[in-house]
Number of protein chains: 2
Amino acid sequence: MRADAVRTRKQLLDAAAELFAEGGAEVSVAEIAERAGIGKGTVFRHFATKEDLIAAIVGDLLDDLVDAAEKRGSLREFMVYGVGRLADNRALCDVASGSVRHPDVQAGVERLNEAAQRLVDRAETREGVTGRDVVLLMTGVHQAAAPLRDAEPELWRRYLGFLLDGLLDTGSSAPHSRT
Amino acid sequence: MRADAVRTRKQLLDAAAELFAEGGAEVSVAEIAERAGIGKGTVFRHFATKEDLIAAIVGDLLDDLVDAAEKRGSLREFMVYGVGRLADNRALCDVASGSVRHPDVQAGVERLNEAAQRLVDRAETREGVTGRDVVLLMTGVHQAAAPLRDAEPELWRRYLGFLLDGLLDTGSSAPHSRT
DNA sequence: ACCTGAACACCGTTCAAGT
DNA sequence: ACCTGAACACCGTTCAAGT
């Protein structure tokens, strides 16, 4: 790849990362090209489709979450971190809502599921809970709180608390029995 | 309104209800017009924007949920019914995901929140839980399970179970304490 | 009064023409 | 090799022309 192309590509990725984070996948290719200071057609020289561009940006975000799963001590800490990331990046929300179905993204989610599974293995959860459950439920918590994102930006913490109380096995008492 | 216009409007609403239920808000006006057997322009004679048409369809769905909240005995039953409706109607999902922001829809959600509040008042939940929380959390449960809608269509029941265990106050033991 | 389809401004995508 | 903007097929929306 020629030096000028490397530079163009970086400008494109920087602009896309910023705009997708703020506005989600719905920001137009024209806007991204303008912000990057390049022609609209050039975007498609680097990425065959808009979806491919989104997948490249979102892939990095998912890798960051996998790192977090490996570095954070507990399942609880990971879930707090993960929902927090969902709350501040609209592109990640679009992945969570299933509107991005790119194979690279699916692979990234799969790696995240596996990393979450390793945390579940070391945690005291109710029986049958998998890493995949944890990842899906994180997105559910975020999306429940999302409509009030502006009015109550910390609402997801409360909802995550409810979920964790249903998910974690506290050991001492019998939290999941119904009288 | 002239008799032929009444007929046209009904054809339009029937087609829209069916297609939105299957495909969500993203089905095109052209598709709806074709299914209804009317011209594309005629759609905009009855509804100023596509959003207004969606709001009309979704309003009925929300009214049905309000009815359910009033007729179902318990909070738990209502939540099972509500998430079930979300699972089989894509238009309702689009409301839940916040991609429909029509004032009539917001008003419908508000009425649903109030109906849910009346169920909460009669239920044993943890402190501070509101009807609005219940409605939001129902959408969260659904959206968590949505990516596996085809592979595991009943997954939402399991996730709703997790949530209810965190939400309901079982009385006897101390389910929300952490040791 | 009511319906229609051609026309408009957008979108993602393609590609001939430029460097 | 790489970049560009005009051109294309879509979309929601408008409106002059028809009944």
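Please read these numbers as outputs of a predicted model, since none were measured by experiment. Every chain is numbered from 1 and lettered A, B, ... according to where its sequence line falls, protein lines coming before strand lines.
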Q) Going by the salt bridge (charged side-chain N to carboxylate O under 4.0 Å, His left out) test, which pairs reach into residues 96-114 of chain B, not counting sequence neighbours? A) B:D63-B:R111
Q | Test side chain to side chain donor-acceptor pair (under 3.5 Å) applied to B:S74 - qualifying residues, sequence neighbours left out | A | none
Q: Mind checking side chain to side chain donor-acceptor pair (under 3.5 Å) for B:R157 and listing every partner two or more places apart, or none if nothing turns up?
A: B:E154
**Q.** B:E22: salt bridge (Lys or Arg N to Asp or Glu O under 4.0 Å) partners, not counting sequence neighbours
**A.** none
(Q) One character per nucleotide, please: for nucleotides 3-15 of chain C, 5' to 3', B when the base has a protein heavy atom closer than 4.0 Å, S when only the sugar-phosphate does, - otherwise. (A) BBB-B---SBBB-
Q | CA sep, side-chain torsions, deciding dist, call: A:K71, A:E77, salt bridge (charged side-chain N to carboxylate O under 4.0 Å, His left out) | A | CA-CA 10 Å; A:K71 270 158 199 155; A:E77 268 184 84; over 6 Å; no
Q: Would you mind reading off the distance between A:R2 atom CZ and D:dA1 atom P, rounded to a whole angstrom?
A: 9 Å
Side chains of residues 135-150 of chain B: which donor-acceptor pairs under 3.5 Å do they make with residues two or more places apart or in other chains?
residue	atom	partner	partner atom	Å
B:T139	OG1	B:L136	O	2.6
B:Q143	NE2	B:T139	O	3.2
B:R149	NH1	B:A87	O	2.7

Q: Applying side chain to side chain donor-acceptor pair (under 3.5 Å), name anything that partners B:D88, two or more places apart in sequence or on another chain.
A: none
Q. Which of residues 94-108 of chain A have a heavy atom under 4.0 Å from DNA chain C?
A. none
Q: Please name all residues satisfying side chain to side chain donor-acceptor pair (under 3.5 Å) with A:R118, sequence neighbours left out, ordered by chain then number.
A: A:E70
Q | DNA chain C contacts among residues 11-24 of chain B, heavy-atom distance under 4.0 Å | A | none
Q: Answer yes or no: is there a donor N or O on one side and an acceptor on the other, between the side chain of A:K50 and the main chain of A:S28, under 3.5 Å?
A: no
Q. Can you list every pair that meets side-chain hydrogen bond (donor to acceptor under 3.5 Å, both in side chains) and has a residue in residues 89-98 of chain B, with sequence neighbours left out?
A. B:S97-B:S99
Q: Answer yes or no for B:R126 and A:F162: cation-pi contact, defined as NZ/CZ to six-membered ring centre under 6.0 Å and angle to ring axis within 45°.
A: no
Q) Do B:E31 and B:K40 meet the salt-bridge criterion of a basic N to acidic O distance under 4.0 Å? A) no
Q: Report the secondary structure of DNA chain C in dot-bracket form, marking unpaired bases with a dot and bases paired to a different strand with |, and treating Watson-Crick or G-U pairs with both distances under 3.5 Å as paired.
A: ||.|||||...|||||.||
